[in-house]
Amino acid sequence: RLRIAQELHDVLGHHVSLINVQAGVALYLMDDNPEQARTALVAIKQSSRDLLREMRATLGVLRGVDAAPPHHPVPGLADMDALVADVRAAGLPVDVEVDGTPVELPPGVDRAAYRIVQEALTNTRRHAGPATATVRLCYRPDGLTVRVDDDGVGVPNGRPGHDAAEDGGGNGVAGMQERAQSLGGWSRIGPRPGGGFRAEVFLPVRAGQAAGRDRDRTAASG
């Protein structure tokens, strides 16, 4: 139940937030710049299609009605470029840095890393105000460190004008912490020294743990 709740929260939070932003852009530009409004509507169509695809995969597992494995893979770090492109299109500048040599990760670690980046960027877009974000992936022999920094206004709860109910009362941060804990890792999430906000998570990889991502990235609930 916890894994399903995490998936639904992350999928809905990310895609519905993107749709909301792009709908506002389309309405604002509809009369004066119809071509840019059209671009925003195309982004809405793509986000809604992705949302429906991921929801079907998750709900199919919940119902237990699939005679065969779901046809749509669960997103992982191989999909980071598309995720970052969507976030940039919604108005948040994002840089990506990679330390160490990227390796194939176990399916649970790969999925958790992607979802943590997704949720951290969604929170930044919602609550940081005008900001830029940096995603850093640090590959180590014993696991992966994921760090997402922004230079916005700081902590989501307590930011001026922030309604805690908007993001489920802080479930996004709790979800990132729970994903790390479920894999035996740790998380440090809070304001950065000097301003802004940081979500840093370590996801361990046991020696000899099978990678097999392409084989196993088909179960939406993990």
Side-chain angles (χ1 to χ4, degrees), residues 7 9-30 32-55 72-99 102 110-139 144-156 159 161-162 166-167 172-173 175-176 179 189 191-192 194-201:
E7 289 294 314
H9 175 275
D10 293 348
V11 169
L12 288 170
H14 173 68
H15 289 294
V16 173
S17 179
L18 285 176
I19 290 169
N20 181 60
V21 169
Q22 296 292 1
V25 171
L27 286 172
Y28 181 76
L29 297 173
M30 186 67 70
D32 297 332
N33 196 329
E35 189 56 37
Q36 286 193 24
R38 175 184 175 85
T39 300
L41 291 172
V42 170
I44 289 172
K45 181 178 180 180
Q46 181 62 48
S47 289
S48 61
R49 181 187 298 122
D50 292 343
L51 173 59
L52 288 171
R53 173 177 56 80
E54 293 194 49
M55 287 288 291
H72 301 295
V74 173
L77 291 180
D79 304 288
M80 271 277 293
D81 288 347
L83 171 63
V84 170
D86 285 345
V87 174
R88 287 171 177 161
L92 174 66
V94 181
D95 291 325
V96 178
E97 301 175 355
V98 178
D99 287 344
D110 185 54
R111 179 169 59 253
Y114 176 89
R115 291 301 192 199
I116 287 165
V117 172
Q118 183 184 58
E119 180 59 29
L121 292 177
T122 297
N123 285 346
T124 298
R125 284 191 299 103
R126 282 178 167 177
H127 309 305
T132 60
T134 300
V135 177
R136 186 178 184 185
L137 304 177
C138 181
Y139 290 86
L144 175 72
T145 300
V146 178
R147 193 175 80 193
V148 181
D149 291 321
D150 71 61
D151 57 4
V153 295
V155 184
R159 283 175 173 167
H162 171 64
E166 181 182 340
D167 62 359
V173 170
M176 288 188 279
R179 286 184 184 277
I189 302 175
R192 291 195 310 159
F197 197 77
R198 169 173 293 171
E200 185 175 19
V201 175

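What's counted below: heavy atoms across the whole structure, side chains too, no hydrogens, waters or symmetry copies. Values in this document were obtained by computation on a predicted structure and should not be read as measured data.
With rounding to the nearest 0.5 angstrom, the OH atom of Tyr114 is 5.5 Å from the CG atom of Asp79. Note: Thr124 OG1 to Glu119 CD = 9.5 Å, rounded to the nearest 0.5 Å. Once rounded to the nearest 0.5 Å, the distance linking CG of Asp150 with NE2 of His127 reads 11.0 Å. Taking CE of Met30 as the reference point, atom CG of Leu41 lies at 5.0 Å (rounded to 0.5 Å). Here CG of Leu137 is found 9.0 Å from CG of Asp99. Values are rounded to the nearest 0.5 Å. Summarising the geometry, atom CG belonging to Leu83 is positioned 10.0 Å from atom CZ belonging to Arg88; distances are rounded to the nearest 0.5 Å.
Using a 4.5 Å cut-off on side-chain heavy atoms (C-beta onward), Val94 and Val135 make contact. When side chains are defined from C-beta on, Ile116 counts as touching Arg179, because their heavy atoms get closer than 4.5 Å.
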**Request:** Test Asn123 against Met176 for side chain to side chain contact (heavy atoms under 4.5 Å, CB included), laying out the working first.
**Result:** CA-CA 11 Å; Asn123 285 346; Met176 288 188 279; 3.9 Å; yes
**Request:** Applying side chain to side chain contact (heavy atoms under 4.5 Å, CB included), run through Phe197 and Ile189 and close with a yes or a no.
**Result:** CA-CA 8 Å; Phe197 197 77; Ile189 302 175; 3.7 Å; yes
**Message:** side chain to side chain contact (heavy atoms under 4.5 Å, CB included), that's the test. Do Val146 and Val117 meet it? Break it down for me.
**Reply:** CA-CA 7 Å; Val146 178; Val117 172; 3.5 Å; yes
**Request:** Start with the C-alpha gap between Val87 and Gln118, add the side-chain angles, then the distance that decides, and say whether side chain to side chain contact (heavy atoms under 4.5 Å, CB included) holds.
**Result:** CA-CA 9 Å; Val87 174; Gln118 183 184 58; over 6 Å; no
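Listed by chain and number, the residues in a side-chain contact (heavy atoms from CB on, under 4.5 Å) with Thr39 amount to none (sequence neighbours excluded). Residues meeting the side chain to side chain donor-acceptor pair (under 3.5 Å) test with Thr134, sequence neighbours left out: none.
Judged purely by atom type and a 3.5 angstrom limit, Asp32 has no side-chain atom pairing as donor or acceptor with the backbone of Leu29. The closest donor-acceptor contact from the side chain of Arg147 to the backbone of Arg198 lies at 3.5 Å or more, if one exists at all.
For Ala37 against Ala26, the heavy-atom pair with the smallest separation is CB-O, 3.8 Å. The minimum heavy-atom distance linking Leu144 with Ala113 is given by the pair CD2-CB, 3.7 Å.
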